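Okay, structure first, notes after.
Residue numbers start from 1 in every chain, and the chains themselves are labelled A, B, ... in the order their sequence lines are given, proteins ahead of strands. This is a predicted model, so every value here is computed, not measured.
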Amino acid sequence: MAQRIAGSHFVFDEWSRGSSALHRLSPRTKLVLFLSLLVITAVWPQSWLLFGLAFALVLAARLPLFGVAARAALVLPFTLVFAAATWLSGDAHRALALLWKSYLSALWVALLMATTPLEHVLEAAAGFGAPRLLIDVMSFTWRYLGVISEQAWRMRTAALARGGERSFEISASTLAVLFASSYARAERIHRAMASRGQKI
Amino acid sequence: MHIPDGFLSTPVWAGLAAVSAPSIGVFARRAQAGLQESRVPLMGVMGAFVFAAQMVNFPVGAGASGHLVGSTLLAAALGPAAATVVMTAILAIQALVFQDGGLLALGANVFNMAIAGVLAGYWPYRLLAGTRARRIGIFAGGFLSVLVSACLCLGQLALSGVKMRAEVLGLAMLVFVITAVLEGAITVAVLSALERINPQWLRVETRKNRPVLTALAITALLLAVAGFMLASALPDGLERVAGLTGLEGKEFHVLQSPLPDYEALTLENPWLRKAGAGLVGLSLTFAVCLVLGRWFVRWRSA
Amino acid sequence: MSCIVEAAGIRFRYDSGFEALRGVDFRLCAGESVAVLGPNGSGKTTFLLHLNGILRGEGQLRVCGMDVEPRHFAAIRRKVGILFQDPEDQLFRPTVLEDVSFGPLQAGLSKASAETRAKQALAQVGIHDGWTRAPYHLSGGEKQRVALAGILAVQPEVLVLDEPTTHLDPPARRALLDLLATLPQAKMIVTHDTSFARALCPRAVFFESGRIAADGPAEEIIRRFRWEI
Amino acid sequence: MSCIVEAAGIRFRYDSGFEALRGVDFRLCAGESVAVLGPNGSGKTTFLLHLNGILRGEGQLRVCGMDVEPRHFAAIRRKVGILFQDPEDQLFRPTVLEDVSFGPLQAGLSKASAETRAKQALAQVGIHDGWTRAPYHLSGGEKQRVALAGILAVQPEVLVLDEPTTHLDPPARRALLDLLATLPQAKMIVTHDTSFARALCPRAVFFESGRIAADGPAEEIIRRFRWEI
Ligand SMILES: Nc1ncnc2c1ncn2[C@@H]1O[C@H](COP(=O)(O)OP(=O)(O)OP(=O)(O)O)[C@@H](O)[C@H]1O
Ligand SMILES: Nc1ncnc2c1ncn2[C@@H]1O[C@H](COP(=O)(O)OP(=O)(O)OP(=O)(O)O)[C@@H](O)[C@H]1O
Ligand SMILES: [Mg+2]
Ligand SMILES: [Mg+2]
C-alpha cells in the first residue's frame, strides 16, 4: 500500500557534509556554476565532452563515483521511455542525445546536491530572489518528509498486521487519517515555534 | 510526467521558466497576504504529506495500482495560491534530491503541475463545492488537473522536437486518461473520508470575483488544449510558430550586434538560433510577467 | 514441544544499510509471558515486526507451526496481534468503532457481529461510549486503549505489545495490568517500565545491539543490567 | 511574594465545544519544582499551553509579573521554556545547531552569539559534537536532549516539561533526571511516572476533569489518589 522512503534517499545528506574544495566553495557560487553547466549541456551539441569534467569533479570532491553515477541514473526510466518512442519514429540520433543529455544534466544536479547541504542550496536560492515563503515551505517539507512517510508506512503495516488486504477504500481512509494527523502535527510544530519566541 | 533536463529545447524551458518564476512570486505573495504565521508549518507539513501520499498505492484490480498526485486535494485544503506554492516546493525537492524532473525544466514542470494543474483542479471544485454536484466537482478537479498537466507536458515535448508516432501518442493519451480518472476517483474518496473526520479542513472560498485567477485558469486550460493540438498537428511546431510570427528574422538581428565574432557560427548553427529566439521570448515574457505582477499587486492593495 | 514462536539466527538490515538485527534466537511457548527489554535502538521493534512478516530478514522463523512466508501471512496475522509503539500509527480508520471492528471484518465476520466484537473489546479496555469519535482527537492514553482494543477484537493467539503503557495514567496502567493478567494468550511485552514487566512476566529477554544478550528470569535480568527505573 | 506563575480561575473550551479547563487556580514561585499529575484527558497539556499564551481562555493569568497578553508574548516566551511531548515536533530546523540557536536568534541575538549560546546549551545536555547532524539521524533520547537544549538556550526562568520520559530507556531516564536536578530554574513537570516526579519535585498538583483537585507534598498526593505506578 505504501512504499517506504528508503534511507538511501538521504544519502546526499551524508555526502554533502564532506570537506573537499568543492564542498567548501560558497553555495551561491556552486549554484551559479552548476546552473551554467546545465545551460551549456542544454545548448551545446558536443556537450557530451563534459562527461569527463563531471567524473573528474566527483573524484575531486572525494565522492563515491559509482554512488553518484547511480543517483543520476534515477533519471533513466523516464528518459528510456521517450528515447524508445523517438527511436521508433526513426530518429536514432536524437534518441541517443536525449539519453546522454538528461543523464549528464542529472549528474550536475547530483554533484551540486552531493557537495552542498540542501539548506545551503535553499539559502543560496533565497539570496538570488526566490520567494522566502517557498524556501521556508521547502525546508519544512524536507524536514518532515521522512517523518510522515515513515508514518504512512507504519499505518499500512498496522493495517496488514490486523489482516487488512490491499484495498482502494482502506488506502483512501488511511490517507484521510494521515492528513488529519499531519494537520495536528503542523499545529504542534507551530506551537513549538511560537513557544520559542518566533517573531510574528 | 516530470520532464528531465535535456528534453526541452532552450526556448521552451527558458520561456516557461520565465513564465513560472514570476508567477510563483505572485502566488507566494498572495498566499502570504493574510497568512497567519501558523500557515508556514502547515504548508510545509502538507508538502511532506503529499510526498508521502504519492507513495501510497491504490489498488484498482488486476494487480494494477495508482497513486494520488494531490493538486486538487491541496487546493481544497489550502486554497489555490498556497497549493501552488506547496506543489512548487514538492517539485523543486523532487528535482534536487530525487532526480525526478530536471532543474532547468523545473519552470516547465512547475507550470504544468503546480500552476496549470492546481488551477485546473481547483476551479471545478470551487464552482461545484457548494452545490449538490459536489462530488462531480471534486472528480472533475482531479481529472482535469492530471489531464491538463499531461497534455501540457506532451505539447512541450513535441514543441521541443521530441517526435512521437501517432500510435505511441495515442497510447500515451490513453495512459494519461486512465491516470486522470484514477486521480479523480482517489481525490473523491480521500476528500469524502476527510469530510467525515472534520469538514472544517476543506475550504470553500466565500469571497467572490477574482478575475485574475479566473483568467489564469482559463488561459491554462486553453494553453493545454492548444499545446496538445499543436503538438499533434505540427511535429516541428516551434519553427513554424517562429516563422509565422517573424521571430526567425528578428532574432538574428538581436544576436548579431553584441556577438559579431560568432556571426558565422550563428548563421550556421540552428541550435544557437533557437537559443537566441528563446532568449528573446524569455525577456519578453519576463517583462510581461513583471508588468502583470506589479499591476496585480497594486490592484490587490487598492 | 509445540512452541508459538521459534526464531533462529534472524538477521535484518534496513535499506539505509544499518544492520538492526544481527542473529536473534528466541522461543516462546503457549501461555508464556516474556518481557522484552533493552536500550533505545537495540532492535526490539524491528524484531517484533518480523513475527508476522511485515519485515523479512534472513534466518529461520516459525510462528504457530507455520513458516513466515507470504502464503501463510493471512493466517499468521490472525494469530499474532501486534500493538505498535505509537498508537497514532495504528488508528487508521475515521472513527473509533470502525477502527476496532476493522480486524474482525477482515477476518470475514459480518458487519453486525464485527461491531459486537469491537464493542466487547472496547469495554475490556474501559471504553464504554464515544464510539463515533475520531481517533485523532483523543488524548494519548485514550488512543492507546483504542489501539489495544483493535488487537483484542481479533482474538489472537499471541499478543505482542510494543511499549503499551507509555501514555497511560497509573490507574489505566493498573487496569491494563489486570486485564493482561486475565488473558490466557501468550504475550511478548516490549517495555522500559520494569515494574510493569516484572508484574506480568516471569521471564525476560534483553536486547543489545541487534542480539539477545540475555534470557532468563525477569528479576535477575533487571538486576544484572541495572535496568531498574 | 513574587511568583513566577499566578493563575486564577482559568477556563478553556476547545473549538469542538469540549470544556477542557474549568477553573484552574495555581501558583508557582521561583526555584520551585512541581509535578503535574492527573488522569488522561484531565487538561494538563491544555493548561501548559496557556502559560505562554498559545491557548487563551478566561481567567486571570500572570507570568513573571506580566499579564499574558499579546503585547507581552515575546517577553513571556523568553521566560517560559516549554518542552512538548513529541520531540519530533520541536526539532523543525535542518540541523541540530540551527535548531538550538532558533530561540536566541528570534530574541534578537546576532548569529555568532546565538550559536555560542546554542553550543553552551548543547554542552549542558551533554552533546559536544555532531552539531551539523540532521534531526532525523538522532535517536529518541538524543532528540529529547536537543529539544531540551533548544529550550535552555533561551535561558528561561521556568521550565515546563510535558511527559519528558516517555520512550526513554532506564539509563537515559536516569541521565535526564540527573540533568534536570542540576538546572536551577523553576520547573513544572507533567508526568505519569510517579517515581520520576517524586525524585525531582517536593510538591505536586493533581488535575481532575479540568480543575486542580489537590495541591501539596508530592508524597501525600501520590498516596491520596493511589497514583503509585
Ligand atoms: N526505517 C528505518 N531505516 C533505517 N534504520 C532504522 C529504521 N527503523 C529503525 N532503524 C534503526 O534500527 C535500530 C533499531 O531500531 P528499533 O526501532 O528496532 O529499536 P528499539 O529497540 O525498538 O528502540 P526503542 O526502545 O527506542 O523503541 C535503530 O538504531 C534505528 O535507528
Ligand atoms: N484540539 C482539540 N480539540 C478538541 N478537544 C481536545 C483537543 N485537544 C485536546 N482535547 C480534549 O481536551 C481534553 C484535555 O486534553 P489534554 O491533552 O489537556 O489532556 P492531558 O491531561 O494532557 O491528558 P494526557 O495525560 O493523556 O496527555 C481531552 O479530553 C481531549 O480529548
Ligand atoms: Mg521500539
Ligand atoms: Mg498531555
Tell me, do W108(A) and D5(B) make a side-chain contact under 4.5 Å, heavy atoms counted? no

Among residues at least two apart in sequence or on other chains, which ones pass salt bridge (Lys or Arg N to Asp or Glu O under 4.0 Å) with R196(B)? E98(C)

Mind ranking L96(B), I197(B), V60(B) by heavy-atom pairs under 4.5 Å with chain A and telling me who comes out on top? L96(B)

If a pair satisfies salt bridge (charged side-chain N to carboxylate O under 4.0 Å, His left out) and one of its residues is in residues 172-186 of chain A, list it, with sequence neighbours excluded. R185(A)-D86(D), R185(A)-D89(D)

Among the options I90(B), V168(B), L103(B), pick out the one with the most heavy-atom pairs lying under 4.5 Å from chain A. L103(B)

Under 4.5 Å from a heavy atom of chain A, the part of V85(B) involved: both

State whether the side chain of S182(A) and the backbone N or O of F49(B) hold a donor-acceptor pair below 3.5 Å, judged by distance alone. no

N/O donor-acceptor pair under 3.5 Å between S171(A) side chain and N57(B) backbone: yes

Min side-chain heavy-atom separation L74(A)-D100(B) under 4.5 Å: no

Name the region of L118(A), side chain, backbone, both or neither, that has any atom closer than 4.5 Å to a heavy atom of chain B. side chain

Side chain / backbone / both / neither for A95(B) at chain A, heavy atoms under 4.5 Å: backbone

Between the side chain of R71(A) and the main-chain N/O of V97(B), is any donor-acceptor distance below 3.5 Å? yes

Measure L8(B) against the heavy atoms of chain A and call it side chain, backbone, both or neither at under 4.5 Å. neither

Ranking A180(A), A114(A), S139(A), S173(A) by heavy-atom pairs under 4.5 Å to chain B gives rank one to A180(A)

At a heavy-atom separation under 4.5 Å, does L171(B) approach chain A through its side chain, its backbone, both, or neither? neither

Taking C-beta and beyond as the side chain, do F51(B) and I148(A) meet within less than 4.5 Å on heavy atoms? no

T79(A) portion near chain B, given a 4.5 angstrom heavy-atom threshold: both

Heavy-atom cut-off 4.5 Å, strictly under: side chain, backbone, both or neither for M155(A) against chain B? neither

